[in-house]
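Order of the sequence lines fixes the chain letters, A, B, ..., with proteins taken first and strands second; residue numbering starts at 1 for each chain.
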Number of protein chains: 2
Amino acid sequence: MKKTIFVFSVLIVALLVLFQLSKYTYMSGDISIEIIIAIIAITFFFIGAYLKAKTTKKEVDNPNQVDYKKIEELGISKREYEVLVQISKGLSNQEIAEILFVSESTVKTHVSNLLIKLNAKRRTQALQIAKELQILAY
Amino acid sequence: MKKTIFVFSVLIVALLVLFQLSKYTYMSGDISIEIIIAIIAITFFFIGAYLKAKTTKKEVDNPNQVDYKKIEELGISKREYEVLVQISKGLSNQEIAEILFVSESTVKTHVSNLLIKLNAKRRTQALQIAKELQILAY
DNA sequence: AATGGCCTCATACTAAAGTACCAAAAGCAT
DNA sequence: ATGCTTTTGGTACTTTAGTATGAGGCCATT
């Protein structure tokens, strides 16, 4: 909200500056009216594009971002989360073990803890729940 | 591409029209220069916003849609796809069997065929590949 | 120094998942 | 009607996945 007010304030100031500038340059006869209008058009074209990008950015990013607070809330540890990420890549416990340089037993332990914390019965269900909770990026 | 050319053509024409309009109205003295500039600013502000929205829309929609052509290309049947959808919901073979009113054996057959067609070793990998191929919605 | 949380690993299970192979019924297009 | 694909289902088997339990090491906090 504060940002919105700031942006619009800047916009209004810019508009007023352009008014004065246009008057001055037109009076002095240095620059033709066409160029002034062109500059204004281009300027506001990019301002419009920029603001639209800003407002839509959150909608675009939101479903693709990880809610780290929720991970903490669920009591999921760093290592457990790493395992979860590997599961989402479709890897087996053995493959995850090799990537994380631990034994398959360790991976199984992490997976079991994950299933409990995510209240899931299977790893596929864990993935679905994790995505619903925005814990995993797509 | 064709759209882009069309849009920019319209933009240039609009700009030229505004040039002439500004000249005429300024000469006749009906409207002050400030109002002309304001109109141009507002107009191009919205044009910029509109174009930005157009270009980002595809990026937003794209990752959330199903590519049915690709499903056909892979030779995945209706029933097999139904099973794939249930897998993505985190269900077990037994649960899928109950939902689709078939035996667990049938589900296993479908899953095996799916894994071959998606070139996956596990159901979790099948999910990852399916999402990469945009066969599954998020 | 003791406590608690995390990571590690092992053993011994049980439960799913997945493979291979076969086969019959159903739906569909020529 | 005759192929063709899909769907269905079974048996027998192997491989992963997941549970339960215990235990040692590490590290930060108290």
Side-chain angles (χ1 to χ4, degrees), chain A residues 66-133 135-136, chain B residues 66-133 135-136:
Chain A
V66 175
D67 189 346
Y68 291 104
K69 292 173 191 169
K70 207 160 277 172
I71 295 174
E72 274 189 53
E73 280 175 30
L74 293 167
I76 294 173
S77 70
K78 279 151 284 171
R79 212 56 169 163
E80 283 164 359
Y81 185 72
E82 286 181 293
V83 169
L84 181 61
V85 170
Q86 299 304 321
I87 289 175
S88 76
K89 291 180 181 173
L91 303 183
S92 67
N93 289 338
Q94 183 56 55
E95 288 169 340
I96 294 170
E98 286 167 15
I99 288 176
L100 299 182
F101 297 104
V102 292
S103 75
E104 197 193 338
S105 298
T106 305
V107 175
K108 282 187 176 185
T109 305
H110 289 321
V111 172
S112 275
N113 290 332
L114 269 172
L115 294 182
I116 292 167
K117 289 172 183 176
L118 286 172
N119 197 27
K121 290 174 186 171
R122 284 163 291 283
R123 48 171 57 204
T124 48
Q125 195 183 9
L127 289 179
Q128 191 267 323
I129 291 170
K131 275 162 190 170
E132 216 165 50
L133 295 175
I135 277 176
L136 272 177
Chain B
V66 176
D67 189 347
Y68 292 103
K69 292 174 192 170
K70 207 159 278 172
I71 296 174
E72 274 188 54
E73 279 175 30
L74 293 167
I76 294 172
S77 70
K78 279 152 283 171
R79 212 57 168 162
E80 283 164 1
Y81 185 72
E82 286 181 292
V83 170
L84 180 61
V85 170
Q86 298 305 321
I87 289 175
S88 76
K89 291 180 181 173
L91 302 185
S92 68
N93 290 337
Q94 183 57 53
E95 287 169 341
I96 295 170
E98 286 166 16
I99 288 175
L100 299 183
F101 297 105
V102 293
S103 74
E104 196 194 337
S105 297
T106 305
V107 175
K108 282 188 175 185
T109 305
H110 289 320
V111 172
S112 275
N113 290 331
L114 268 171
L115 294 182
I116 292 167
K117 289 171 183 175
L118 286 172
N119 197 28
K121 289 175 186 169
R122 284 161 292 281
R123 47 171 57 203
T124 48
Q125 196 182 8
L127 289 179
Q128 191 267 322
I129 291 170
K131 274 162 190 172
E132 216 165 50
L133 295 175
I135 276 177
L136 272 177

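The closest side-chain donor-acceptor pair between B:Glu132 and B:Gln128 falls under 3.5 angstrom. Side-chain contact of A:Thr106 with A:Ser103: a donor-acceptor pair under 3.5 Å is present, judged by distance alone.
In this structure, B:Gln125 CD and B:Asn119 CG are separated by 7.5 Å, a value rounded to the nearest 0.5 Å.
Regarding A:Glu104, its CD atom lies at a distance of 10 Å from the P atom of C:dA10, rounded to whole Å. One can place CD of A:Glu95 at 9 Å from P of D:dT16, the figure rounded to the nearest angstrom. A straight line from CG of B:Leu115 to C1' of C:dA16 spans 14 Å, rounded to a whole angstrom. As rounded to whole Å, 14 Å separates atom P of D:dT6 from atom CD of B:Glu82. Rounded to whole angstrom, the span from the OH atom of A:Tyr81 across to the C1' atom of C:dC6 amounts to 19 Å. The distance between atom CD of B:Gln125 and atom P of C:dG18, rounded to the nearest whole Å, is 11 Å. Taking atom CG on A:Asn93 and atom P on C:dA17, their separation rounds to 14 Å, with Å as the unit. Atom NE2 in B:His110 sits about 16 Å away from atom P in C:dA17, given to the nearest Å.
Listed pair A:Arg122 / D:dA17 fails the phosphate criterion, with no side-chain N or O lying under 4.0 Å from OP1 or OP2. Not one side-chain nitrogen or oxygen of B:Thr109 sits closer than 4.0 Å to the OP1 or OP2 atom of D:dT7. Proximity of A:Thr106 to the phosphate of C:dC7: no side-chain N or O atom is located under 4.0 Å from OP1 or OP2. The phosphate of C:dG18 has neither OP1 nor OP2 within less than 4.0 Å of any side-chain N or O from B:Ser112.
Here the closest non-hydrogen pair linking A:Asn93 and A:Val111 is OD1-CG2, 3.8 Å.
Which of C:dC7, D:dG10, C:dA17 sits closest to the side chain of B:Arg123 comes down to C:dA17. Considering only the side chain of A:Val111, D:dG18 comes nearest among C:dA17, C:dT8, D:dG18.
Note on A:Ser77: only backbone sugar-phosphate atoms sit closer than 4.0 angstrom, heavy atoms only; bases stay farther off.
Comparing B:Ser103 and B:Thr124 along DNA chain D, the residue whose closest nucleotide (by nearest heavy atom) sits nearer the 5' end is B:Ser103.
Looking at A:Lys70, its side chain never comes within 3.5 Å of a backbone N or O of A:Ile135 through a donor-acceptor pair.
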